[in-house]
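Written out below as structure tokens is the structure these notes cover.
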Amino acid sequence: MKTADYQPASIEPKWQAFWADDKTFAGPNPAPNAKPAPKYYVLDMFPYPSGAGLHIGHPEGYTATDALKRMKKSQGFNVLHPMGWDAFGLPTEQYAIKTGRPPAEVTEENIANFKKQLAQIGLTYDSDREVNTTDPAYYKWTQWIFVQLFKHGLAYVEEKPVWYCPELGTVLANEEVLNTPEGPRSERGSFPVEKRPLRQWVLRITAYADKLIAGLKDLDWPDSTKRLQENWIGRSTGAEVDFQLDGLDEKLRVFTTRPDTLYGATYMVVSPEHPLLSKITIDDRRAEVEAYAEQAKRKSDLERAELAKEKTGVFTGGYAINPVNGAKIPVWVADYVLITYGTGAIMAVPAHDERDFEFAKTFGLEILPVIANENANPDEELTEAYTGDGALINSGDLNGLNVADAKAKITAELAAKKVGKEAVNYKLRDWLFSRQRYWGEPFPIMWLSPADYKRLMALDKDESELNNTLPIDPVTSIINGEARCAITVPTQDLPLTLPQVDSYQPTGTGESPLAKAVEWVNVWLNLKTGETRPRVIQQDGDEQLTERPGTDWAAATRETNTMPQWAGSCWYYLRYMDPKNPDFIIDPKIEEYWQAPDLYVGGAEHAVLHLLYARFWHLFLHDIGVLKTKEPFKKLFHQGIILGEDGEKMSKSRGNVVNPEFIIKDHGADAMRLYLMFLGPLEAMKPWNTDGIQGINRFLRNKVWRELLDDNGQPATKLCDTEDDADTARALHETIKKVTADYERLSFNTAISQMMICANQFAKAKTLNFASAKAFLQLLAPLAPHITEEIWERLGEAPSIANAPWPKHDESKLVKDTVKLMVQINGKLRGELEVAKDTAQPDILTAAKALDKVAPQLEGKTIVKEIYVPGRIVNLVVK
RNA sequence: GCCCGGGUGGUGGAAUGGUAGACACUGGGGACUUAAAAUCCCUUGGCCGCAAGGCCGUGCGGGUUCGAGUCCCGCCCCGGGCACCA
């Protein structure tokens with residue numbers, strides 16, 4: 001091998017070092033009073049720095065944004081393209097449990113490894129803007145946001161049945177639990193999970209449900225993702241209706257989206273957990289009902305989530321009165337009604353609801369149609385519920401109305417009689433925000449006795465900082481059998497850092513490992529100053545109580561739960577803009593300049609959770625005046641998944657994992673970057689095929705390197721100052737035009753194929769103008785930055801190529817003197833015609849008809865129509 | 001079941017309603033070489049044909065159009081999401 005050969009292993013580290021030292025891709029915040037350059041903020045979903053290192057999926061999205069960033073920089077934008085670490089989380093903690101090593105230490109190593117690997121790919125980030133969710137200087141502000149949520153009544157504590165995973169030793173959010181044929185399982189690790197009542201922090205995201213739906217409208221996101229979020233929020237409008245319970249002084253309230261079918265309600269169902277169930281049940285039925293409710297409770301863990309179930313239920317013996325017609329209808333208990341949605345009770349209209357129909361069929365309950373189905377034979381027995389529109393029947397004064405009109409009329413009537421009202425419900429549940437883990441952000445919360453809480457509230461706001469962050473309604477909970485009230489750690493004392501612990505092992509009782517840090521948990525709190533002092537001291541293995549320091553001091557215990565991994569990732573894109581600000585989450589002036597990411601690239605697996613949570617926090621921060629923008633991510637793009645060579649999802653167990661480090665070793669980072677982008681559309685799921693990288697290798701080695709440089713690595717002799725021939729010039733300018741447009745829309749695969757076409761033409765040309773060669777290098781540079789920097793320099797230009805202004809195409813170079821026209825007869829291709837581009841239509845038609853392959857087809861036939869699309873086609877319709 | 005996305009050569013994939021298969025990979029043939037690698041040239045959707053050429057072809061069946069991979073209707077299959085949300 002000659003030293004002048006293309007050797008990625010030697011040139012790639014050289015340029016990676018250059019970009020790092022030169023800070024080529026730093027995107028500075030504008031200086032005060034300076035007129036700043038137009039900005040472009042491109043964001044990747046930051047990775048979890050796992051011990052396993054980079055996966056081929058990381059460089060896919062990251063190469064795309066790196067390439068776009070490099071083009072934008074050449075186009076004169078001040079580009080912000082940062083990177084950081086979503087480093088709290090379970091795998092590191094589990095590794096810590098296994099090895100006994102502190103998670104912070106392990107995290108630091110993993111991050112160093114990730115950084116090294118990203119740099120090897122030629123990915124360039126502004127290292128001064130790096131954020132790390134586990135850095136106390138970062139999570140100070142995660143905690144600060146939580147304090148704001150708390151203060152504004154959006155955080156509360158609830159003891160409720162939550163998914164608990166014994167294997168992981170933690171609770172999981174609904175979203176982290178998957179339904180599998182084996183029952184509910186944890187998303188991480190696929191371990192069995194069960195429902196357990198535990199004390200939990202919950203964020204009131206449902207208060208933002210309508211805003212979250214409304215905000216979607218203006219976002220440039222994939223439609224499917226918007227729809228996913230909309231369905232997830234699941235807003236439905238209808239009515240709440242009160243049914244008097246027969247013989248009881250109680251009303252049963254139901255939610256329905258179909259108040260128009262009220263006359264068709266032939267029975268009611270309450271969920272097994274409904275608070276009125278016991279009252280409704282008559283003594284004769286009590287044993288059976290209680291057995292069912294008990295069974296349903298246990299069942300809810302497994303079978304209730306199962307697919308394709310038979311409907312089950314039990315009659316309570318009680319009756320309710322239909323408010324519109326006084327009909328007495330039976331009340332059943334059944335687990336197909338969920339306590340967590342609506343009011344936990346329904347009116348059942350089997351004629352017009354599939355689930356009610358199935359239930360009524362199973363138990364032989366009455367089915368009364370109240371909407372005429374024009375397509376059904378009224379004499380035949382119903383085989384399914386009719387959910388379409390039609391005229392109302394059997395419905396008193398609603399008869400004859402259509403569904404929409406009947407809904408409006410009945411809702412108004414119910415409201416007038418004060419037995420019902422319009423109502424809205426959401427599928428979205430409040431966000432379970434606590435985890436019983438060590439490796440997460442500690443809650444900046446302390447618990448006081450109700451008496452001490454009253455003392456604190458009695459102080460004026462300016463007498464105690466602690467009083468400034470209390471919610472209007474106190475957050476209370478029963479902890480270890482005692483009533484407690486929550487207050488926050490004073491914001492000036494943030495961050496509240498994680499204490500040292502001896503063991504990261506979960507307690508198994510659902511309590512966090514932090515609960516074992518007794519000195520950290522138990523403090524004396526000065527209600528006026530917010531100062532804390534140890535309340536329990538460990539000495540020689542004994543725990544000793546310290547004396548209360550004075551009258552202003554109260555006994556407080558710290559919250560021992562930690563926040564979920566979503567917390568840190570909810571706002572990291574804000575911190576990139578102003579990463580070192582010690583005084584505020586982000587300087588408003590800086591936010592005003594960068595606004596929010598112009599493009600966010602990441603996997604579709606975060607379509608609901610991360611992207612919904614981040615929108616919630618952002619909207620909230622906007623509402624309390626912290627942010628000017630309303631939405632965090634204007635434009636969103638999902639890169640697809642790279643499958644293994646076998647077309648299956650890459651996984652260790654399948655042994656089909658492609659390691660980026662090996663690809664770089666064999667072919668170089670530029671080849672890997674290009675090939676990753678050449679595989680197919682960025683958004684598509686596509687299989688990796690190592691053989692295919694040959695094509696990219698040949699392109700770089702033979703068409704780029706060897707065409708532009710000679711055997712000594714000097715500019716090739718074919719490079720000169722004479723003008724290119726027309727074909728070569730056209731190829732270049734077509735390529736400038738197409739590549740620029742394709743990069744802009746992240747269509748890298750077609751951009752690369754166009755560059756290959758251009759390079760093939762360059763190879764064919766006898767001479768090549770220096771300027772053309774350089775323009776081509778610039779087009780290629782965003783995807784293959786190392787080789788292009790190297791050749792750029794060897795052609796006598798100063799690095800970096802990214803600083804050179806982006807080439808512009810010359811439209812006049814694109815036009816050809818002649819055009820090629822396809823000639824069809826009756827839509828079938830029969831010949832082609834090359835004519836001067838300004839040939840008149842009649843001449844073209846005459847020439848077309850005279851073509852060797854066309855003329856015989858016209859013999860003995862009449863032309864009924866002649867179609868001519870300039871520059872495209874001639875179609876002769878004959879009979 | 002409901003909501004999305006997608007079915008194009010041996011493979012990955014291109015195609016504003018206007019030449020289907022760009023660009024690559026693989027395969028076949030050839031050149032260079034003692035040989036191989038590398039490189040270069042030709043070829044590579046199917047069928048018929050010595051050839052010129054013809055016919056068929058974008059999951060299936062219909063339709064709109066001078067013209068459909070592209071638009072419309074009805075199916076089939078694959079992938080993703082949701083799943084008793086009243």
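Chain naming here is simple, since letters A, B, ... match the order of the sequence lines and numbering starts at 1 in each.
Among the heavy atoms of the strands lying under 4.0 Å from A:Asn749 are primed sugar atoms or P, OP1, OP2 only; no base atom is included. Looking at heavy-atom distances under 4.0 Å, A:Phe678 makes contact with a base. Using a 4.0 Å heavy-atom distance criterion, A:Lys427 is classed as a base contact. Backbone-only contact: A:Arg830 has heavy atoms under 4.0 Å from sugar-phosphate atoms and none from a base. Backbone-only contact: A:Val877 has heavy atoms under 4.0 Å from sugar-phosphate atoms and none from a base. As judged by a 4.0 angstrom heavy-atom cut-off over every strand, A:Leu679 is placed among residues touching the sugar-phosphate backbone only.
A salt bridge does not link A:Arg701 with A:Glu707: none of the charged nitrogens is closer than 4.0 Å to a carboxylate oxygen. The residues A:Arg654 and A:Glu648 are annotated as salt-bridged, a charged nitrogen and a carboxylate oxygen being separated by less than 4.0 angstrom. Using a 4.0 Å cut-off between charged nitrogen and carboxylate oxygen, A:Lys217 and A:Glu230 do not count as a salt-bridge pair.
When both pairing distances are held under 3.5 Å, B:rA83 makes no Watson-Crick or G-U pair with any nucleotide shown. As the counterpart of B:rU33, no nucleotide is assigned, since no Watson-Crick or G-U wobble pattern has both distances under 3.5 Å. Pair assignment for B:rG18: B:rC66, on the basis of Watson-Crick or G-U wobble contacts that are both within less than 3.5 Å. Across every strand in view, B:rG5 sits in a pair with B:rC78 that passes the Watson-Crick or G-U test at under 3.5 angstrom. A 3.5 Å limit on both hydrogen-bonding distances identifies no Watson-Crick or G-U partner for B:rA51. Pair check for B:rC25 finds B:rG10; Watson-Crick or G-U wobble, both atom distances under 3.5 Å.
Remark: the separation of the P atoms in B:rG10 and B:rG46 is 7 Å, to the nearest Å. A distance of about 15 Å separates the P atoms of B:rA14 and B:rG21, rounded to the whole Å. For the P atom pair drawn from B:rA24 and B:rC73, the interatomic distance equals 39 Å after rounding to whole Å. Across B:rA37 and B:rG30, the matching P atoms stand 14 Å from one another, rounded to whole Å. With both ends at atom P, the span from B:rG13 to B:rG74 equals 29 Å, rounded to whole Å. A distance of about 14 Å separates the P atoms of B:rG6 and B:rU16, rounded to the whole Å. Between B:rC76 and B:rC25, the two C1' atoms lie 31 Å apart (nearest whole Å). Between the C1' atoms of B:rA38 and B:rA52, the separation comes to 40 Å (whole Å).
Remark: A:Lys738 is not in phosphate contact with B:rA22, judged by side-chain N or O atoms under 4.0 Å from OP1 or OP2. In terms of phosphate contacts, A:Asn760 brings a side-chain nitrogen or oxygen within less than 4.0 Å of OP1 or OP2 of B:rA24. Contact annotation: A:Asn826 does not reach the phosphate of B:rG67 (side-chain N/O to OP1 or OP2, under 4.0 Å). The shortest distance between the side-chain N/O atoms of A:Lys865 and the OP1/OP2 oxygens of B:rC66 is below 4.0 Å. Under 4.0 angstrom from either OP1 or OP2 of B:rU39 there lies at least one side-chain N or O belonging to A:Asn702. Contact annotation: A:Arg698 reaches the phosphate of B:rC25 (side-chain N/O to OP1 or OP2, under 4.0 Å). At the phosphate of B:rA86, OP1 or OP2 sits under 4.0 Å from a side-chain N or O atom of A:Ser236.
Comparing A:Leu876 and A:Gln754 along RNA chain B, the residue whose closest nucleotide (by nearest heavy atom) sits nearer the 5' end is A:Gln754. Mapping A:Lys820 and A:Gly342 onto RNA chain B by nearest heavy atom places A:Lys820 at the nucleotide closer to the 5' end.
Ring orientation note: the planes of A:Tyr675 and A:Phe678 are tilted relative to one another, at an angle of 30° to 60°. Between A:Trp705 and A:Tyr6, the ring-plane angle classifies as tilted under the 30° and 60° cut-offs. Between A:Trp566 and A:Tyr613, the two ring planes are perpendicular [angle over 60°; tilted spans 30° to 60°].
Closest to the A:Arg872 side chain, of the nucleotides B:rC3, B:rG18, B:rC23, is B:rG18. With B:rC66, B:rU39, B:rC4 as the choices, the nucleotide that has an atom nearest any side-chain atom of A:Ser224 turns out to be B:rC4. Residue A:Leu228 has its side chain nearest to B:rG81 when only B:rC40, B:rU16, B:rG81 are considered. The side chain of A:Ile757 lies closest to B:rC23 when the candidates are B:rA86, B:rC23, B:rC82. Here the side chain of A:Ile346 is nearest to one of B:rA14, B:rC25, B:rA86, namely B:rA86. Comparing B:rC66, B:rG81, B:rA22 by their nearest atom to the side chain of A:Ser753 picks out B:rA22. Of the listed nucleotides (B:rG54, B:rU39, B:rC23), B:rC23 has the atom at the smallest distance from the side chain of A:Met756. Picking from B:rC25, B:rA86, B:rC66 the nucleotide with the shortest atom distance to the side chain of A:Asp353 gives B:rA86. Closest contact between the side chain of A:Pro681 and the listed nucleotides B:rC55, B:rC3, B:rA14 involves B:rA14. With B:rU26, B:rC82, B:rG13 as the choices, the nucleotide that has an atom nearest any side-chain atom of A:Gln694 turns out to be B:rU26.
One interatomic measurement links the two molecules: CG of A:Leu700 to P of B:rU39, which rounds to 13 Å at whole-angstrom precision. Per the geometry, CG belonging to A:Asn689 stands 12 Å off P belonging to B:rU11, to the nearest Å. Look at CD on A:Glu354: it is 7 Å from C1' on B:rG1, rounded to the nearest Å. The interatomic distance linking A:Ile752 (CD1) with B:rA22 (P) rounds to 17 Å, in whole Å. Distance, A:Glu683 CD to B:rG6 C1': 12 Å, rounded to whole Å. Atoms OH (A:Tyr675) and C1' (B:rG12) sit 7 Å apart, rounded to a whole Å. One can place CZ of A:Phe359 at 18 Å from P of B:rA86, the figure rounded to the nearest angstrom. Atom CD in A:Glu832 sits about 14 Å away from atom C1' in B:rG18, given to the nearest Å.
When all heavy atoms of A:His352 and A:Arg258 are compared, the closest pair comes out as O-NH1, 4.3 Å.
Although no hydrogens or angles enter the test, the distance criterion places a donor-acceptor pair under 3.5 Å between the side chain of A:Arg673 and the main chain of A:Leu783.
B:rG9 takes the syn form, because its glycosidic angle lies no more than 90° either side of 0.
Counting heavy-atom neighbours within 6.0 Å of A:Glu422 CD, excluding the residue itself, gives a total of 12 or less.
A:Phe359 does not carry A:Lys311 over the face of its six-membered ring by the limits of under 6.0 Å from the centre and within 45° of the normal.
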